[in-house]
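The structure appears below as structure tokens.
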Amino acid sequence: MLEFAKFICIMPSAMHQLLPTPPETTHILLERAHHLAGMTLGELAKKLNEKTPPNLLRAKGWVGQLLEKALGASAGNLDLPDFPQLGVELKTLPINAQGVPQESTYLCRVSLPLQESEFYLSRVWRKCAQILWIPIQASSQLSLLDRKIGTAILWMPNSHLEATLKKDWEELTQMIRLGQFDKLSAHHGTYLQLRPKAANAKQLVTVTNDQGKSIAIVPKGFYLRSCLTQMILREYYA
DNA sequence: ATTTGATCATTT
DNA sequence: AAATGATCAAAT
């Protein structure tokens with residue numbers, strides 16, 4: 001009775017689960033995200049017909065891309081938040097066995113030479129003005145298949161955090177503007193930091209330093225320190 | 001070549 | 001153990 005299959009239509013509601021279209025409101029997005037809570041990555045991958053890699057060694061972005069697919073993120077790898085119409089950025093948050101974020105969170109690359117002059121027009125602000133955080137079990141003891149998805153948090157920085165992020169951004173970009181690449185490292189910034197962001201350390205861009213000399217440096221990216229994401233988790237799951 | 005998704009691996 | 005610096009894959 002294989003013929004009968006053509007009479008079976010995928011209902012919109014079922015389709016909705018498998019291949020979500022971009023969510024129209026943040027409420028719908030959050031509802032979808034909450035629907036995933038408790039599910040394992042293996043279960044979600046199976047639903048989406050995605051093969052689970054043996055580990056993340058050669059698939060570092062796999063978890064994030066799986067969740068993007070599950071929730072209907074539409075920005076691809078354009079320089080926009082994952083849900084452009086909502087201004088919401090999606091971030092998975094790896095949680096270790098102790099219940100704290102295992103890693104910092106990548107935000108975006110730095111344009112070198114710097115093209116942005118104001119925090120509120122910056123890529124950093126566009127991406128961290130509103131973030132959907134999805135905690136993911138990430139204990140190395142657990143196989144990728146068995147790691148569970150937590151309850152998503154739709155987060156916006158409060159005014160204090162916003163001010164700190166703005167200050168961090170202004171200090172970091174000021175160093176870049178002044179060409180102080182010698183002192184530029186991940187040590188600066190309260191919540192925001194600058195770190196290398198490239199395929200490898202041989203990938204270089206040419207910039208002008210504070211001596212007026214052309215030098216080659218590894219491209220940089222903005223990251224959120226894990227002390228910030230730890231605070232966010234504490235607030236929401238208290 | 002770049003940007004996205006990040007985690008890996010070494011140093012502190 | 002935590003933080004910094006290095007790296008991997010896919011998409012375009």
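As the structure is a prediction and not an experimental result, all values here were calculated from the model.
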Regarding [X], tell me which of base, sugar-phosphate or nothing describes its non-hydrogen contacts under 4.0 Å with the strands shown.
X	answer
K127(A)	sugar-phosphate
Q98(A)	nothing
P219(A)	nothing
Q102(A)	nothing

Exercise. Just by modelled atom types, is the T190(A) backbone N or O under 3.5 Å from a matching donor or acceptor in the D168(A) side chain?
Worked result: yes

Please state how far atom [atom1] in [X] lies from atom [atom2] in [N], giving the value in whole angstrom units.
X	N	atom1	atom2	result
I136(A)	dG5(B)	CD1	C1'	13 Å
E89(A)	dT3(B)	CD	P	15 Å
L67(A)	dT7(B)	CG	P	11 Å
R126(A)	dT4(B)	CZ	P	10 Å
N55(A)	dT7(B)	CG	C1'	11 Å
D79(A)	dA1(B)	CG	C1'	15 Å
Y106(A)	dT2(B)	OH	P	13 Å
H188(A)	dA3(C)	NE2	C1'	15 Å

For this session: Over 60° means perpendicular and under 30° means parallel, so classify the ring planes of W125(A) and Y120(A), tilted if in between.
Result: perpendicular

Problem set entry | Rounded distance (nearest 0.5 Å) linking atom CG of L44(A) with atom CD1 of I149(A) | 4.5 Å

Exercise. Run the side chain to side chain contact (heavy atoms under 4.5 Å, CB included) check on L184(A) and I176(A) step by step: do they pass?
Worked result: CA-CA 8 Å; L184(A) 203 64; I176(A) 295 172; 4.1 Å; yes

For this session: Take nucleotides 5-12 of chain C nucleotide by nucleotide from the 5' end and write B, S or -, depending on whether a protein heavy atom sits under 4.0 Å from the base, only from the sugar-phosphate, or from neither.
Result: BBBBS-BS

Problem set entry | Salt bridge present between K166(A) and E170(A) (N-O < 4.0 angstrom) | yes

Exercise. Any chance the side chains of R195(A) and S104(A) put a donor and an acceptor closer than 3.5 Å?
Worked result: yes

Exercise. Honestly curious: do I232(A) and I95(A) fall in one hydrophobic cluster under the side-chain, below-4.5 Å linking rule?
Worked result: yes

